[in-house]
Each structure stands twice: as C-alpha cells, then as structure tokens.
Amino acid sequence: QVQLVESGGGLVQAGGSLRVSCAASGRTFSSYAMGWFRQAPGKEREFVAVISWSGATYYADSVKGRFTISRDNAKNTVYLQMNGLKPEDTAVYYCAARRSYYSVYVAEYDYWGQGTQVTVSS
C-alpha cells in the first residue's frame, strides 16, 4: 500500500514560482511512475507531468517549458517546480503513483494524494 501526501501549495502572483512536494510511503517507491495532475473548480482532473522509475519525464503542452518534475527516491519524494505561473494554473494539484511504465491517464493510476491548493493571482 502506498500513501501520498502533497504539500507546498499556496498563493502566488502571476509570473511567480512555487514548488509542490509529494511524500510517499512504501518500500517500492522507486519502482513507480509518479505523476502530477490538477483540477480546477468545475473541470475534470487533467494531466500535468510524469516521471518514470528511470527518470524519464513527460509534460502536458500547457506547462512544457515552465514546470519541472523530479524525484528523490532516497527520500520517497517527488517534486513539481512551477515557474512562470499563470492564473490558469490555479487548481488543486494531486500527485499519483502507478506501478510500471508511466501514463497520462487518471484512471490508470493506483494511488492518489489528497491534493494541495495552488492559487495564482492576476
């Protein structure tokens, strides 16, 4: 069983930066692909970024060049560095874990955190 806890959300001005973190439990953390998703009020949860067990990364077009995902397997933690934030980035950010190769689909992830709120003011 894997438990995920997000942190680091908050209020930031447009153009600013923020880093959110996801602490995970589990002996097999390093074997999981870890993804970040977000959900704004009234909208479906959408893919943001993912990092595989080997460190390969993939980003949604909307955040490419602005966000960076990374992981520290020794600390069982995955990060999302968000730069050049825009009001449209405002959402609850969730981390998710998936055994095996990475996926961009919500339904294919096995474990989810409770989310952390990121609000970008204009």
Side-chain angles (χ1 to χ4, degrees):
Q1 186 73 21
V2 176
Q3 294 181 336
L4 307 173
V5 180
E6 301 94 337
S7 63
L11 176 64
V12 64
Q13 192 172 24
S17 299
L18 198 65
R19 187 184 74 168
V20 291
S21 302
C22 175
S25 65
R27 295 171 56 190
T28 60
F29 176 80
S30 62
S31 69
Y32 284 78
M34 299 295 299
W36 283 98
F37 294 77
R38 66 187 183 186
Q39 187 168 22
K43 297 184 180 296
E44 294 186 10
R45 192 167 300 184
E46 66 175 356
F47 168 76
V48 176
V50 64
I51 184 166
S52 73
W53 62 268
S54 65
T57 59
Y58 182 75
Y59 299 90
D61 288 341
S62 60
V63 306
K64 191 175 299 183
R66 299 188 296 123
F67 291 9
T68 302
I69 188 171
S70 62
R71 67 191 298 167
D72 185 337
N73 290 336
K75 296 182 178 181
N76 287 349
T77 303
V78 63
Y79 306 93
L80 184 68
Q81 178 66 46
M82 301 179 286
N83 299 326
L85 284 163
K86 307 173 182 179
E88 64 188 36
D89 294 319
T90 295
V92 176
Y93 282 71
Y94 299 90
C95 69
R98 183 180 191 273
R99 182 170 289 177
S100 193
Y101 55 88
Y102 67 75
S103 172
V104 302
Y105 301 109
V106 170
E108 295 187 354
Y109 280 77
D110 303 304
Y111 305 100
W112 292 86
Q114 293 299 304
T116 186
Q117 177 71 48
V118 173
T119 302
V120 184
S121 64
S122 59

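- No path of Ile, Leu, Val, Met, Phe, Trp and Tyr side chains, each step under 4.5 Å between heavy atoms, connects Phe37 with Val63, placing them in separate hydrophobic clusters.
- Pairs of residues two or more places apart, or lying in two chains, never qualify as disulfide bond (SG atoms under 2.5 Å apart) while including a residue from residues 31-90.
- Side chain of Thr90 to main chain of Val120: a donor-acceptor pair is present (N/O by atom type, distance under 3.5 Å, no hydrogens or angles).
- For Gln114 (side chain) and Glu6 (main-chain N/O), no donor-acceptor pair under 3.5 Å exists by modelled atom type.
- Both Tyr58 and Val106 are part of a single hydrophobic cluster, where members link through side-chain heavy atoms under 4.5 Å apart.
- Taking 4.5 Å as the limit, every side-chain heavy atom of Val12 sits out of range of all side-chain heavy atoms of Met82.
- Nearest heavy atom pair, residue Ala91 against residue Ala40, reads CB-N, 3.8 Å.
- No continuous path of ILVMFWY side-chain contacts below 4.5 Å connects Val92 to Leu85, so the two sit in separate hydrophobic clusters.
- If you chain together hydrophobic residues whose side chains sit under 4.5 Å apart, Trp112 and Val5 never meet in one group.
- In this structure Gln3 satisfies the side chain to side chain contact (heavy atoms under 4.5 Å, CB included) test together with Ser25, sequence neighbours excluded.
- If you take CG on Leu80 and SG on Cys22, they are separated by 10.5 Å, rounding to the nearest 0.5 Å.
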List the atom pairs, with distances to 0.1 Å, where a side-chain N or O of residues 44-53 and a protein N or O form a donor-acceptor pair under 3.5 Å, not counting sequence neighbours.
residue, atom, partner, partner atom, Å
Arg45, NE, Gln39, OE1, 3.3
Arg45, NH2, Gln39, OE1, 3.3
Glu46, OE2, Arg38, NE, 2.7
Glu46, OE2, Arg38, NH2, 3.3
Ser52, OG, Ser54, N, 3.2
Ser52, OG, Ser54, OG, 2.9
Ser52, OG, Gly55, N, 3.3
Ser52, OG, Ala56, N, 3.1

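- Of all non-hydrogen atoms in Gly84 and Arg66, the two that sit nearest each other are O-NH1, 3.0 Å.
- Taking a 6.0 Å sphere around NZ of Lys64, one finds it holds more than 12 heavy atoms contributed by other residues, nucleotides or ligands.
- Residue Leu18 holds its CG atom at 9.0 Å from OH of Tyr93, rounded to the nearest 0.5 Å.
- Looking at Tyr94 and Val20, their side chains never come closer than 4.5 Å, going by heavy atoms from C-beta outward.
- Leu4 has its side chain within reach of Met34: a pair of non-hydrogen atoms, C-beta onward, lies under 4.5 Å apart.
- Screening Val2, Val78, Asn73 for a side-chain contact (heavy atoms from CB on, under 4.5 Å) involving Tyr32 leaves a single residue, Val2.
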- Task: Under the side chain to side chain contact (heavy atoms under 4.5 Å, CB included) rule, what do Tyr105 and Arg98 come out as? Steps first, then yes or no, please.
- Result: CA-CA 10 Å; Tyr105 301 109; Arg98 183 180 191 273; over 6 Å; no

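- A pairwise comparison of heavy atoms in Tyr79 and Ser21 identifies CD2-OG, 3.3 Å as the closest pair.
- Inter-residue side-chain proximity for Arg19 and Ser17 is flagged as unmet; no heavy-atom pair is nearer than 4.5 Å.
- Note on Val118 and Tyr59: same hydrophobic cluster, where clusters join Ile, Leu, Val, Met, Phe, Trp and Tyr whose side-chain heavy atoms are under 4.5 Å apart, directly or indirectly.
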